[in-house]
Amino acid sequence: MVSQTDTANATINLQNGYSLLNGVERIEFSRAQRVGALPSGNQAFVRGNRNFDFDGEVFAGYSKLQGKDFEFIYDDYKINLDSVRYWELYVPTGNLDENNRPEALSLGSRIEHLQGVLLVDAPNNKSGRKDIPIFPSLQSKENSYIFYDSPDTRGGVYVRDSFYFELEPFSFDHQDRYGTQDVKFEGVLRSNGMFPDIEETAVIQEDQSLGFTTETPTEGHPAYDGKGTYTGELNLSNSGFMGKGKLEYIQAEVNAEDFVFMPTRATASADAFDLEEVREGDVPVPEVHGEAVDLEWRPYSDSLLVKSTEDAPFQLFRADDHRLEGSLVLTPNGLKGAGKLAWSLAEANSNIFSFGANSADADPMQIRINALTVNDRLALETDNVRGNMDFDDAVGHFEANTESVVTLLPYNQYMTTMNEFDWDMKGSTITFLTEEDQKALFTSIHPDQDSLNFYGKEATYDLRSSLLSIEGVDYIVASDAFIYPDSQYVEIAPEAEMAVLENAKIIADTTSKYHVINRATVQIKGRRVYEASGFYEYNVGPYEQEFELQNITGQPIGKGSYTDKRSVTRAVGEILPSDTFFIDHKTQFRGDILLDAEEKALTFDG
C-alpha cells in the first residue's frame, strides 16, 4: 500500500491510535492470488498490527466486490465483508486478449447484500510462495440476493422488494481459476405469491445471467395465490421468469412454449387454447378451441384475455360451425368476446359478446344474415342492435338501440325502419315486429326505382325463397297515382322486384283524385313508373257501367332531363261495336276512350 498525495499522507488519532492514510490509490494484498483494492477517496484507516479498514472495491481473481466497511486482518490474511453492496463475477473464456492477458466475460447478474469473509491466502503463505488452489476464497455468512429488476428485464417489472433469488450461505473458492461449472449457488426463489417458494440452484444461463431451469411437480404449482395452476418447465434469467407447459384457469387450458410470468400478469403465444363447456350452474360457458393464440392472464383482475389470429379463428360451441375472429375474455362471471362471429348462416360483429354454453348475446352488435338461395349475398344487414342468439333453440331476437337505425335487405334491395325482428334459424324465416298501431317505412334501394317507398304494418322474410312479404300496406304511390293492394299485401322478390298486384285499386292523380280504376292488375316498377290494366267505372243516369283500360302507364313525360320530367298516368280503352256503352242518358258510344290523370274529363274518339 503506497500513500502519495500533495497534502498530509497520514493523520493519527491519538485517542484510538488509528491512522487515516490519504493518497492511497490502490492496495495489493496478494499478487500471486490477484487480490487488490481501490479504496474510496483514496483513503484507508490503519489500526494496530497492520490491520486497516476501507470502503471501495475489492478485486479477487475474476471477481469484484463493491461496498464499505471492509476490514483487513493481517494475521489471518483475510478481509471481513460486513456491507458488500454487490459481488460481480467474470467468467474466464480460456482465451487471451490483445495484451496476452486472460479474457473473461462479465455475468449479467450480481450477488447483492453479501456478508462474510474473503480469505486472501493462508496466514503462513502471505507472500504467495506456495500456490494453494483454494485461495482466494469467499465465505458467505448470511443470505445474499440476486435481483431481476433491471429495466432491460421486462421493463423492470420484477421489483426487488417482492421478487428475488435468496442465496444460502456459500463458499466460492479459487476465484482466480474457476469455470462456468463452478458458478452455482443454492437458494430459493421468492416471488410474492406468483408461485410457491422454489428451492433451486442458480447457475449461468444462456444470456450469461444467473438463474435456473426446473420442472414443476406432476400436479403442477398453484399460480398467483392459487388463481390457476401451472404445470411444466420454469426458467429464470435476465430474460424474465419463463415457462414451457400448461396453464389451467377456471375451465380453460392453455399450452404454450413461451409463457412469461410477471408479478401481476402472464403472457404467452400459445400453441393451443381449450375451454370446456359448462351448462350447469350459474355461469355457463361454451366449448372453445383456439390455435396459435396470444394470451394475457391478469389473475388479480380475474381475467384471461386470448386473441386469435386471422388465419386461425376460435372454434366455438360443440356444433363446430361457429368461428370467432377476435378476442375472448374469461372471468369467473363467464366468457365474453369481441370481433367477428361467423357461421354458415350469418355473421355477427361486436365489441362485447357474452357467450353461454350455446348462445351469444351482444349490445351493440351488427348482424349479417346470409341469403340461402344464392352464394355471397346477404339477406339482411343491420347495425347498432342488441341481439340474443340461442343456438340450442335456433332462434334469435334483435332490437335496434335507436329509432334512426334501419335494416337493410341487400339481396332484395330494400331497407326498412322496422328494426326489431325474430329469426327462426331452423324455419329459415325472419319476422319483423312493430309496436301496436304503428307502421314502418319500406324503401327500395334499387338504383332504377327512384327510392320507391311505402308503409307496412307486418313483414316476414322467407330465407328459403328470398321473398319479403309485407302486410298492412294501405297504398303505394307510384307515378301520380295511389295504388291500393288487395288485402293490403305486397311481396318483394330479389333485386327489388315487386310481385304483380292483382285486384288492386288505382286512384289518379294523387292531388285531384279524378279517376278510379278497379280490379286492376298492376306492375310497379319504381317510384315514377308503373304499368297496369283495369276497369274504369263510368256510371251515367240509370246506367251502371265500366270499361276496360288495357294500357295504363304511369311514367315521366315532357321535355327536360328524366328527373325534371313530371310523371303522369295515362290510359286507353276501347268500346267495341258489339258493346253497349252510354256517354250520357241518350247517346251511345263506340271507339277509343283516352284517360289523362291531369285532366278531369275523359277524351272520346269514336
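Checked by atom type and distance alone, the side chain of Ser308 pairs as donor or acceptor with a backbone atom of Gly326 at under 3.5 Å. Side chain of Asn235 to main chain of Phe212: a donor-acceptor pair is present (N/O by atom type, distance under 3.5 Å, no hydrogens or angles). A donor-acceptor pair under 3.5 Å is absent between the side-chain atoms of Arg190 and the main chain of Ser162, judged by distance alone. Between the side chain of Gln205 and the main chain of Ser237, no donor-acceptor pair closer than 3.5 Å is present. No side-chain donor-acceptor contact under 3.5 Å links Asn49 to the backbone of Asn51. Looking at Asn384, its side chain never comes within 3.5 Å of a backbone N or O of Pro364 through a donor-acceptor pair. At distances below 3.5 Å, at least one donor-acceptor pair connects side-chain atoms of Tyr230 with backbone N or O atoms of Gly245. The closest donor-acceptor contact from the side chain of Asn370 to the backbone of Leu378 lies at 3.5 Å or more, if one exists at all. For Asp302 (side chain) and Pro332 (main-chain N/O), no donor-acceptor pair under 3.5 Å exists by modelled atom type.
Side-chain atoms of Gln366 and Asp383 include a donor-acceptor pair closer than 3.5 Å. Looking at Asn238 and Asp152, their side chains never bring a donor and an acceptor atom within 3.5 Å of each other. For the residue pair His289/Glu291, the side-chain donor-acceptor check at 3.5 Å is satisfied. A donor-acceptor contact under 3.5 angstrom links the side chains of Asp225 and Tyr300, judged on distance only. Using modelled atom types, one finds a donor on one side chain and an acceptor on the other under 3.5 Å when comparing Glu88 with Tyr90. Looking at Thr402 and Ser404, their side chains do bring a donor and an acceptor atom within 3.5 Å of each other.
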Between Thr267 and Glu296, is the side chain to side chain donor-acceptor pair (under 3.5 Å) condition met? List the steps. CA-CA 4 Å; Thr267 63; Glu296 180 174 344; over 6 Å; no
side-chain contact (heavy atoms from CB on, under 4.5 Å) between Thr264 and Tyr224, intermediate numbers included: CA-CA 8 Å; Thr264 60; Tyr224 296 91; over 6 Å; no
When you look at Asn22 and Asn42, which way does the side-chain contact (heavy atoms from CB on, under 4.5 Å) test go after all the steps? CA-CA 6 Å; Asn22 297 307; Asn42 295 343; over 6 Å; no
Go through the steps for Val283 and Val278 under the test side-chain contact (heavy atoms from CB on, under 4.5 Å), then give the verdict. CA-CA 8 Å; Val283 185; Val278 174; over 6 Å; no
side-chain contact (heavy atoms from CB on, under 4.5 Å) between Val254 and Trp297, worked out: CA-CA 11 Å; Val254 182; Trp297 182 31; over 6 Å; no
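Gln181 CD: more than 12 foreign heavy atoms inside a 6.0 Å radius. The neighbour count for Asp197 CG, taken as heavy atoms of other residues, nucleotides or ligands under 6.0 Å away, is above 12. The number of heavy-atom neighbours closer than 6.0 Å to CD of Glu219, taken from other residues, nucleotides and ligands shown, is above 12. Other residues, nucleotides and ligands contribute more than 12 heavy atoms inside 6.0 Å of the CD atom of Glu103. The number of heavy atoms from other shown groups lying within 6.0 Å of CZ (Arg160) is above 12. By the 6.0 Å contact criterion, NZ on Lys244 is open, its count of non-hydrogen atoms from other residues, nucleotides or ligands being 12 or less. No more than 12 heavy atoms of other residues, nucleotides or ligands shown are found within 6.0 angstrom of CD on Glu276.
One distance of note links CD of Glu347 with CG of Leu345; it measures 12.5 Å at 0.5 Å rounding. Interatomic distance, CG of Leu316 versus CG of Leu335, reported as 7.0 Å (0.5 Å rounding). Going from atom CZ of Arg85 over to atom NE2 of His113 covers 9.0 Å, rounded to the nearest 0.5 Å. Of the inter-residue distances, the one linking Ser354 atom OG with Lys336 atom NZ reads 3.0 Å to the nearest 0.5 angstrom. Atom CD of Glu199 sits about 10.5 Å away from atom CD of Glu166, to the nearest 0.5 Å. Rounded to the nearest 0.5 angstrom, Ile27 CD1 and Phe54 CZ are separated by 5.0 Å.
At a threshold of 4.5 Å between non-hydrogen side-chain atoms, the residues Asp182 and His174 count as touching. Contact check for Arg298 versus Leu305: no side-chain heavy atoms found under the 4.5 Å cut-off. A 4.5 Å side-chain heavy-atom check between Val260 and Asp258 finds every atom pair outside the cut-off. Counting heavy atoms from C-beta on, the side chains of Gln66 and Asp55 never come closer than 4.5 Å. In this structure, Ser63 and Leu89 have side chains that are in contact, with non-hydrogen atoms separated by less than 4.5 Å. Looking only at side-chain heavy atoms (C-beta outward), Asp392 and Ser359 stay at 4.5 Å or farther from each other. Side-chain contact between Leu138 and Leu114 is present, with heavy atoms from C-beta onward closer than 4.5 Å. Leu328 has its side chain out of reach of Leu330: every pair of non-hydrogen atoms, C-beta onward, lies at least 4.5 Å apart.
Test Phe163, Tyr86, Tyr164 against Tyr145 for ring-ring contact (aromatic ring centres under 6.0 Å, His included) and you get one pass: Tyr164. With Pro286 as reference, Phe355 is the one residue of Phe391, Phe355, Phe314 to meet the side-chain contact (heavy atoms from CB on, under 4.5 Å) rule.
Contact record, Ala346 with Trp423: CB-CH2, 3.6 Å, taken as the closest heavy-atom pair. Across every non-hydrogen atom of Ala256 and Phe259, the tightest pair is CB-CE1, 3.6 Å. Contact detail for Met365 and Ser350: the closest heavy-atom pair is CB-CB, 3.9 Å. Minimum heavy-atom separation, Val46 to Phe52: CA-CB, 3.7 Å. The two residues Leu189 and Leu236 come nearest to each other via the heavy atoms CD1-CD2, 3.8 Å. Among all heavy-atom pairs drawn from Ser344 and Asp321, the shortest one is OG-OD2, 2.9 Å.
Relative to the six-membered ring of Tyr74, Lys126 meets both conditions, a distance below 6.0 Å and an angle of at most 45° to the axis. Seen from the ring of Phe72, Arg47 does not count as a face-on cation partner, given the 6.0 Å and 45° thresholds.
Electrostatic pairing of Arg323 and Glu325 does not count as a salt bridge here, judged by no charged N lying under 4.0 Å from a carboxylate O. Under 4.0 Å is where a charged nitrogen must lie from a carboxylate oxygen, and between Glu277 and Arg279 at least one such pair does.
In this structure, Phe147 has its ring center no closer than 6.0 Å to that of Phe165. You'll find the ring centres of Phe241 and Tyr148 outside the 6.0 Å limit.
Below 30°, between 30° and 60°, or above 60°: for Tyr178 and Tyr62 the angle between ring planes is above 60°, a perpendicular geometry. Using a 30° and 60° split on the angle between ring planes, Phe170 and Trp87 fall in the parallel class, below 30°.
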